[in-house]
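Source: prediction; values computed, not measured. Every chain is numbered from 1, with letters handed out A, B, ... down the list of sequences.
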Amino acid sequence: MPEPIALIDCNNFYISCERLFDPRLAGIPVIVLSNNDGCAIARSEEAKILGIKMGAPAHHLKDKIKAHGIRVFSSNYTLYGDISRRVATTIRDFSPVTEVYSIDETFVDLSGFGGRMLDHAGAMRAAVRESVGIPTCVGIAPTKTLAKLANYAAKKNPLFAGVCDFMDETILTFALPRIAAGEVWGVGRQTEAKLTAQGIRTVAQLRAMPLPLARKVGTVVLERIVCELQGIRCIDIEAVEPQRKGMAVTRSAGTPMLTFDALMQAMTAHATRAAEKLRSHGLVAGHLNAFFHTNPHKPDRPQHSASRSIELSPASSSTFDLVRAARRCVEKSWKGDRSGNGHAYTKAGVILDDLVREEDRSRDLFEADIERGAKLMKALDSVNDQFGKKALVLASEGFKRTYTTKADHRSPRYTTRLSDLPVVHLR
DNA sequence: TCTGGGGTCCTAGGACCC
DNA sequence: TCTGGGGTCCTAGGACCC
């Protein structure tokens, strides 16, 4: 039997972050909306009970929000990101090997903790609760896939009191027949349907699936999942963050983009942001792809989508290079009249590929120019750091922005902006 | 009026080569 | 007119995750 792995996962993370700074939100239904206030991406337990589904469009929720006094927030990623870092830092004290898997989940290697495993998990929860203020649940198992499931059980069944241990065979055999196969990490809607066609509905059944059949039904991916359910480790903890392969900046527009100029402004802003993101990671990109399309949720309206890609040679993270490339893509793929071609574009974005670390970039004949450009970018970043995002932008982004995104219910940046610090009144 | 954004991995199929 | 077999590399698209 492999050594234990724990997965610690924050409960309703975004909601818990909002509640940290406003205790009045405790015990009442709260939801957090996606970018552009489009749909619900986080719900408190009270909101889940009211039947609010993950991903439900905000404009379908109006009646419920009103009827039940649901509190609504726009997403505040600055806040969530900062709280997430604090949680991860706290957890690192509990094992030499941890992997931050997502904004609200961390895998923890519990090798060598043996009999003290459960106490250790409990102490970890208590530490996060005390020093950051965020409630969590912990799942413990021999593999990552089982640890995810154990965490799910810990959340769903109050009997576990927040920590579920699948190293314990009795608990494992009790739980697996009671969990639907679709809850397994890596089994989505399509795979679940294929499994149902095979008569497989529960995790216990999936675990007993013959490996060749698993491979036939769902390729090596499903085969690996079945192995992991059997306690055979196929997915290791990745303690060092792997080099990322791509990067994207995409946005829906608050108001549709009707003209060539409106689209160009959006694309310039996205390419600018993409370049900043690259530089903040110390990377350069070898390829840029720019795309835009109309609203696919409105099939009765004229639809159009375009995407074009360009090589960046030499690979670059310069705002000028990326903006130039993105604009060229749009120029080439725009159809018809620049004052409007009958299409209402609602989404646009820039995708970067072939990322390499700046210092590994292949050198070039015009090295001096590149180095001068890098200095300019450094200056640009430090101005924007000091005077706020978008203090200095390219003129092509537009002085009066015609494209916007919606965020009507954003909470303050309590922890990262001085003017937003909560004030305590003592009596 | 109004449906997010940013990732990863895998496979099939085409282009190309010898 | 006839028209092999086997390899690699790249890309697009599907599925999934948070």
Asker: Send over the distance from A/Asn12 CG to C/dC18 P, rounded to a whole Å.
Answerer: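 The distance from CG of A/Asn12 to P of C/dC18 comes to 14 Å, rounded to the nearest Å.
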
Asker: Describe the nucleic acid contact of A/Ser75 in one word from base, sugar-phosphate, nothing, applying a heavy-atom distance below 4.0 Å.
Answerer: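 A/Ser75: no heavy atom of the nucleic acid under 4.0 Å.
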
Asker: Rounded to the Å, how far apart are A/Glu228 CD and C/dC17 P?
Answerer: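 Computing the A/Glu228:CD to C/dC17:P distance gives 14 Å.
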
Asker: May I ask you to say whether A/Glu276 pairs ionically with A/Arg279, meaning some side-chain N is under 4.0 Å from a carboxylate O?
Answerer: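 Salt bridge: no.
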
Asker: Can you tell me if the side-chain N/O atoms of A/Thr191 get under 4.0 Å from OP1 or OP2 in C/dA15?
Answerer: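 So the side chain of A/Thr191 is outside the cut-off, no N or O lying under 4.0 Å from OP1 or OP2 of C/dA15.
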
Asker: For A/Leu7, which of A/Asn151, A/Leu146, A/Leu149 qualifies under side-chain contact (heavy atoms from CB on, under 4.5 Å)?
Answerer: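 Between A/Leu7 and the candidates, side-chain contact (heavy atoms from CB on, under 4.5 Å) is satisfied uniquely by A/Asn151.
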
Asker: With A/Asn12 as reference, evaluate A/Glu18, A/Arg19, A/Arg43, A/Lys48 under the side chain to side chain donor-acceptor pair (under 3.5 Å) test and give the passing residue.
Answerer: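 Among the candidates, only A/Lys48 passes.
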
Asker: Take A/Ser339 and A/Asp337 through the side chain to side chain donor-acceptor pair (under 3.5 Å) test and state the conclusion after the steps.
Answerer: CA-CA 5 Å; A/Ser339 64; A/Asp337 195 324; 3.0 Å; yes

Asker: Measure CG/A/Asn289 against C1'/C/dC10 and give the value in whole Å, please.
Answerer: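 Roughly 15 Å, once rounded to whole Å.
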
Asker: Could you tell me how far apart A/Asp9 (CG) and C/dC17 (P) are, to the nearest whole angstrom?
Answerer: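 Whole-Å distance recorded here is 14 Å.
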
Asker: Applying side-chain contact (heavy atoms from CB on, under 4.5 Å) between A/Leu79 and each of A/Thr416, A/Asp420, A/Thr415, report the one that passes.
Answerer: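 Only one of A/Thr416, A/Asp420, A/Thr415 forms a side-chain contact (heavy atoms from CB on, under 4.5 Å) with A/Leu79, namely A/Thr415.
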
Asker: Of the options B/dT11, C/dC17, B/dC2, whose atoms approach the side-chain atoms of A/Arg301 most closely?
Answerer: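 Output: B/dC2.
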
Asker: For the pair made of NZ in A/Lys144 and P in C/dC17, what is the distance, rounded to whole Å?
Answerer: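 Distance check: A/Lys144 NZ to C/dC17 P gives 14 Å.
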
Asker: Roughly how many Å is it from CG in A/Leu7 to P in C/dC17, rounded to a whole number?
Answerer: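 Rounding to the nearest Å, CG of A/Leu7 and P of C/dC17 are 14 Å apart.
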
Asker: Taking only Lys NZ, Arg NE, NH1 and NH2, and the carboxylate oxygens of Asp or Glu, determine whether A/Glu331 and A/Arg328 approach each other closer than 4.0 Å.
Answerer: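 The answer is no: the pair does not qualify as a salt bridge.
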
Asker: For the base of B/dT1, is there a side-chain donor-acceptor partner from A/Lys62 under 3.5 Å away?
Answerer: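 When only heavy-atom distances are counted, A/Lys62 does reach the base of B/dT1 through a donor-acceptor pair under 3.5 Å.
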
Asker: Each nucleotide N or O in nucleotides 3-9 of chain B that has a protein N or O under 3.5 Å away: list the pair and distance.
Answerer:
residue	atom	partner	partner atom	Å
B/dG4	O4'	A/Ser34	OG	2.8
B/dG5	OP1	A/Ser252	N	2.5
B/dG5	OP2	A/Ser252	OG	3.1
B/dG5	OP2	A/Lys347	NZ	3.2
B/dG5	O3'	A/Arg251	NH1	3.1
B/dG6	OP1	A/Arg251	NH1	3.0
B/dG6	OP2	A/Thr250	N	2.4
B/dG6	OP2	A/Thr250	O	3.0
B/dG6	OP2	A/Thr250	OG1	2.6
B/dG7	OP1	A/Arg244	NH1	2.5
B/dG7	OP1	A/Lys277	NZ	3.1
B/dG7	OP2	A/Ala248	N	2.6
B/dG7	O5'	A/Arg244	NH1	2.9
B/dT8	OP1	A/Lys245	N	3.2
B/dC9	OP2	A/Lys245	NZ	3.3

Asker: How far does the P atom of C/dC18 sit from the matching atom of B/dT3, given to the nearest Å?
Answerer: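 C/dC18 and B/dT3 have their P atoms separated by 25 Å.
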
Asker: Measure CZ/A/Phe107 against C1'/C/dC17 and give the value in whole Å, please.
Answerer: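 Whole-Å distance recorded here is 11 Å.
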
Asker: Under 4.0 Å, counting only non-hydrogen atoms across every strand here, what does A/Val184 touch: a base, just sugar-phosphate, or nothing?
Answerer: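 The residue A/Val184 makes sugar-phosphate contact but no base contact.
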
Asker: Provide, to the nearest angstrom, the distance between the CD atom belonging to A/Glu311 and the P atom belonging to C/dT11.
Answerer: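 Rounding to the nearest Å, CD of A/Glu311 and P of C/dT11 are 10 Å apart.
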
Asker: With a 3.5 angstrom cut-off on both distances, give the Watson-Crick or G-U wobble partner of B/dC18, or none if there isn't one.
Answerer: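 The base-pairing partner of B/dC18, which may sit in any strand shown, is C/dG5.
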
Asker: By the 4.0 Å heavy-atom rule, please label A/Lys53 as base, sugar-phosphate, or nothing.
Answerer: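 Nothing, no heavy atom under 4.0 Å.
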
Asker: May I ask you to decide whether A/Glu99 forms a salt bridge with A/Lys144, counting only side-chain N to carboxylate O separations under 4.0 Å?
Answerer: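 A/Lys144 and A/Glu99: salt-bridged.
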
